[in-house]
Each structure stands twice: as C-alpha cells, then as structure tokens.
Amino acid sequence: MIAAYLLNPASPNRELKDICLEHLGAVLPGGKEELPAKAHCIMQLSRLLDEKLKLFEQDRLFYDVELPLVQVLADMETEGVAVDKNQLEAMSLQLGRSIENLAGEIYRLAGQEFNINSPKQLGKILFEELKLPVIKKTKTGYSTDAAVLDELAAAHEIAAKILEYRQFMKLKSTYTDGLAALINPGTGRLHTTFHQTVTATGRLSSAEPNLQNIPIRLEFGRLIRKVFIPRSKEHLLLSADYSQIELRILAHVSGDPVLINAFRNGEDIHTRTAAEVFGVLPEEVTREMRGKAKAVNFGIVYGLSDYGLSKDIKVTRSEARRYIDNYFARYAGVKTYIDRVVREAREKGYVTTLLNRRRYLPDLFSPNRTVRNFGERTAMNTPIQGSAADVIKLAMVNIRREMVEHGFKAKMILQVHDELIFDSPADEIDRLAELVKRCMENVLVLNVPLVVDIKAGPNWYDVKKIELLGSF
DNA sequence: CGTGTCACG
DNA sequence: ACGTACGTGACACGC
C-alpha cells in the first residue's frame, strides 16, 4: 500500500484490487479463487513495486523513512494520549448553556424558532425574512459562512450572535462531546489513527479522532488543550515544533540570498519580509505591516494569487498585487525558483520533494484555465509542504531509534505536521528535550539552519518554552 | 452521500 | 468576464 502510495500518492484508491489493476493490469477474481489470487498478486507486486521504486529513486524514501515509520506510528496510536474526562464533561455543560442562551437570543431577533444549524433554514431567515443583503451564493443557495456573517454584522445584530453560536456549537459537537465519545474505556485515552497513504503531499493525516486540528487560534477554543494531559502525575507533556519550516525549505531549494541571510542571522522572517516589501528598515516595521507580510509569506508557500491574498488580508486586489510584485522584486531567487518548478512540472508531469517524493499534476494540462492555475499553485506548494513532511518523518524515525537505544520511558504520542508531542516522566524531560531538539534540527543539512522550539508543561495548553543549557 | 461550514498546519 | 490562495477531517443537514 505504501509503495503504491509513493509511486502515485494522488491515486484515490489504495485497496489491493485497485493496486493490482493499476500496476499488474489484473482483475482480482471473487469466490474461492479470491484468496490465492490475492496472495499471488501480493507476491508479484512486492517485486514489481520494489523495481519501480528503484527506478524512481524512491527506494531510500521507502525503506529508510516510510517503512520504519509504520512502527513509530503504530506505537503512538497504541500509547494514545490521556485526557481529563471530567474537565471535558464540565466544558461540555458550560458550552451547552451558552448555546441555549444564544439560540434564545437568535430566535428573539429572528421573530421565530428555526434550526440554526441548517444553512438552508438560516439563509431563509437572514435573506428572506430579515431581508439582509445577499453577499455571495453557493451552488445550492445563499452562503452563510463566517466571511458573510462578518459583513452582515454591521447591518443586524443577529449575525454576530450566529457567529458566536457557530463557534460554541463547533467546540461542543466536534471537540468536547466528540472527543469524550472516543475515549477508550480500557485505557482512558484517545487513540487516533494516523493515515500514511492519504495525502497527496506526503503529510500524515489523523482520524477518529483527528488530533491534528485541536483548536489554538482563538483563545476560547484553545482552552480545549487543557484536557490533554500526561498519563500520570509524575509525567509532563513536551512539545517540539519546527520554526518556519516551510519558509526555511523555500530558502534552501530556491537559494535566495535575502531569505537565506535572514534565517542564518536568526531574524524574524515576517518582519524581514515587511521591511523588504514596504521598503523600510526592520525597526520601522509596524504590527500591521508585519501582519500583512506574514500573509504574503503564507501566500508564497501556497502558490499565491492577488485575489487570495487580498481576501486574506482584506485589501484591494491591486494593493495585494503590489505586495506580490514587491516581494518578487526583493526575493528574486524565490521568483526564479517558482518559475523553474512550474516549468519543470510542465515538462515532466510531476514535482518532487527533498527526499524524492513525487506528485503527478495532470491539472497542469487541463484546457480549463482555472484548473490549470490550480495545478500551477499545486506545483509551487507541493515541493515545500512535501519536503517538510519528509523532514519530520525522518526525524520521527531517528528519534525513536535513539529513544529505544537509550532506554527512555517517555513516549512519542502525536504528530501535528511540524510538531511532535511526547508524554515524558518529569525527570527525563531535560534529556528528552536535548535528544528531540538535536534529532529534529540535524535531520538533514540544509543551507539554512533548522530551528526547533521546545515547550513543556502539565497539559497541552500550559506548555511553556524551555531553554536548553550547554548543548552548543 | 453531497454540501456547507469550520477546526488545524 | 470569470474564478482562484496549499493540505487535511468532523460535524450537521437534507436528499
């Protein structure tokens, strides 16, 4: 399954019968021949896929990264993450009361009761009963998403209430109630499943529950993180996250001197970008300028458009265009790199990552311009996002080896794309922090340093940065 | 099961 | 004139 994934990660079907069809051109029979036919196919496939991996120079990625990662992920899933069930239930009750109060307010303002969770019913109330202006439409009717409600907030106080209602409803259904329902009664912990063959870029995904999307951006949601705790009172949680890994990878693959210098000098990258884009000194950069520059940096990684940027930071499209033009004028190496990646993708039909992960981009050849543009943005984004996935996967394999070798009691329990979480005895924390930081920062040698921040604490909310002594 | 919405990196 | 930021998963609704 994993070999087939590396050969073509965008292929939607990963069942044995799909892989047989794709690589052997064979249709698996049903009935009494099914089992021996499967055995035969697996044998054929193991040789064939091994040959194909060698041909694509993906054998190291397969044997040195993805295969050893299987055991790492299995152990993480088995260990699970402890949660405070009582606290989860208390939060649920509190959210339930807030939701009821808000619903009452919303019904009063609407002049009737209806299902607030139904976009169809909500649209009718907002745009037909209350006659609010229609901002945008979906395939099936009126859009009522957060951007629309934000705009409506000026016209009617119901909009803000609905936004608040949605926020609480999300927290209750997906997080407090949703997580509580998935606590394993035997272990008292949450045991996610990490999927290794799902994403087109090489990232992992997490399901049942998804522990890669626990709230953090809004303070209220962030409190959910308090329920994620160590397994015993002698333990702490330790989190280790890569600082700006995607932009560092961009600096490496593009060779852009301004970007490389910024990272080598340990500069704040968003401030540096603001200084470049707005033509001021770093010390003259305001909060607002830095915020916009941060959005530009994200946009660069995504394969930006002036439209997407303007929507993100709420400036006019021509203003966004100016930021982008300024960016490419100052980071000319990035511009050259992006043009090269897209051109090579068109020539070869695929893009690759640092460790030779591959993604085919048939969208590049679509007659539809929108689809083609999408393909071009994918061509820019995938080598960055996918290389970041390569880096952390290799680090996970190396960390596990060292932890086993040195007899650590601590356990790696979660991966959140650029971050690893450990459940560790308090008296191991300093040694673990040193090991994890060293493994993550030295996993590959790039032309800019990789920097990892380490935090520790009594739960996932209250982790605080710790500085390591004497490790340089 | 498709759609809309929204949580994360 | 049109339609667009990259990658996921879960929930609720409604067919």
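Sequence lines set the chain letters: A, B, ... in the order given, protein chains first and strands last, and positions in each chain run from 1.
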| request: Please report, rounded to the nearest Å, how far the C1' atom of B:dT3 is from the OH atom of A:Y142. | output: 17 Å
| request: Examine B:dT5: is either OP1 or OP2 under 4.0 Å from a nitrogen or oxygen in the side chain of A:Q167? Give yes or no. | output: no
| task | Could you tell me the separation between the CZ atom of A:F114 and the C1' atom of C:dA12, rounded to a whole number of Å? | result | 15 Å
| said: Is A:S173 close enough to C:dA10 that one of its side-chain N or O atoms is under 4.0 Å from OP1 or OP2 there? | reply: no
| task | Go through the N and O atoms of the side chain of A:D312 and the base of C:dA5, and report whether any donor-acceptor pair is under 3.5 Å. | result | yes
| Quick one: the side chain of A:R372 and the base of C:dT4, do they pair up donor-acceptor inside 3.5 Å? | no
| task | Test for a donor-acceptor pair under 3.5 Å between the base of B:dG4 and the side chain of A:R166, counting only N and O atoms. | result | no
| field | Rounded interatomic separation in angstrom, taking CZ from A:F194 and C1' from C:dT8 | value | 13 Å
| note | note: A:D177, atom CG; C:dA10, atom P; distance rounded to Å ~ 16 Å
| query | Is the distance between the ring centroids of A:Y461 and A:F228 less than 6.0 Å? | reply | no
| said: I want to check one thing: is the phosphate of C:dG7, taken as OP1 and OP2, less than 4.0 Å away from some side-chain N or O of A:T382? | reply: no
| note | The single option from A:N326, A:T336, A:T273 that satisfies side-chain hydrogen bond (donor to acceptor under 3.5 Å, both in side chains) with A:Y331 is A:T273
| Between atom CZ in A:F374 and atom P in C:dT4, what is the gap in whole Å? | 11 Å
| said: Looking at the base of C:dA12, is there any donor atom on it, or on the side chain of A:N117, that sits under 3.5 Å from an acceptor on the other one? | reply: no
| request: Figure out the CD/P separation between A:E208 and B:dA7, and round it to whole Å. | output: 21 Å
| message | B:dT5, OP1 or OP2 - any side-chain N/O from A:T144 closer than 4.0 Å? | response | yes
| said: If the cut-off is 4.0 Å, is A:S205 near the phosphate of C:dG9, judged by side-chain N/O to OP1 or OP2? | reply: yes
| Flag for A:Y165-A:E105: side-chain donor and acceptor within less than 3.5 Å | no
| message | Can you tell me if A:R377 touches the phosphate of C:dC6, counting only side-chain N or O atoms and a distance under 4.0 Å to OP1 or OP2? | response | yes
| query | Touch check for A:A388, heavy atoms < 4.0 angstrom, all strands: base, sugar-phosphate only, or nothing? | reply | nothing
| request: Give a yes/no answer on whether the side chain of A:T201 brings an N or O atom under 4.0 Å of OP1 or OP2 in C:dT8. | output: no
| task | Between C:dA5 and B:dG2, how far apart are the C1' atoms? Round to whole Å, please. | result | 24 Å
| task | Over 60° means perpendicular and under 30° means parallel, so classify the ring planes of A:Y142 and A:F127, tilted if in between. | result | tilted
| said: Among B:dT5, C:dG7, C:dG14, which nucleotide has an atom closest to any side-chain atom of A:K120? | reply: C:dG14
| Per the atom types in the model, does the base of C:dG9 pair as donor or acceptor with the side chain of A:R203 at under 3.5 Å? | no
| How far apart are the C-alpha atoms of A:D268 and A:T271, what are their side-chain angles, what is the distance that settles it, and do they pass the side chain to side chain donor-acceptor pair (under 3.5 Å) test? | CA-CA 5 Å; A:D268 177 308; A:T271 301; 3.2 Å; yes
| said: In this structure, how many angstroms lie between the C1' atom of C:dC6 and the CG atom of A:D418, rounded? | reply: 14 Å
| field | Nearest-neighbour nucleotide for the A:T370 side chain, B:dC8, C:dG3, B:dG4 considered | value | C:dG3
| Could you give the NZ-to-P distance, from A:K136 to C:dT4, as a whole number of Å? | 10 Å
| field | Any side-chain heavy-atom pair of A:V443 and A:I392 under 4.5 Å | value | no
| message | Strictly below 4.0 Å: does A:N115 bring a side-chain N or O up to OP1 or OP2 of C:dC13? | response | yes
| query | Checking all strands, does A:V301 fall into the base, sugar-phosphate, or nothing category for heavy-atom contacts under 4.0 angstrom? | reply | nothing
| task | Would you classify A:N213 as touching base, sugar-phosphate or nothing, given that sugar-phosphate means primed atoms plus P, OP1 and OP2, and contacts are heavy atoms under 4.0 Å? | result | base
| query | After noting the C-alpha distance and the side-chain angles of A:K411 and A:D75, does the key distance pass the salt bridge (charged side-chain N to carboxylate O under 4.0 Å, His left out) rule? | reply | CA-CA 9 Å; A:K411 306 290 181 187; A:D75 289 351; over 6 Å; no
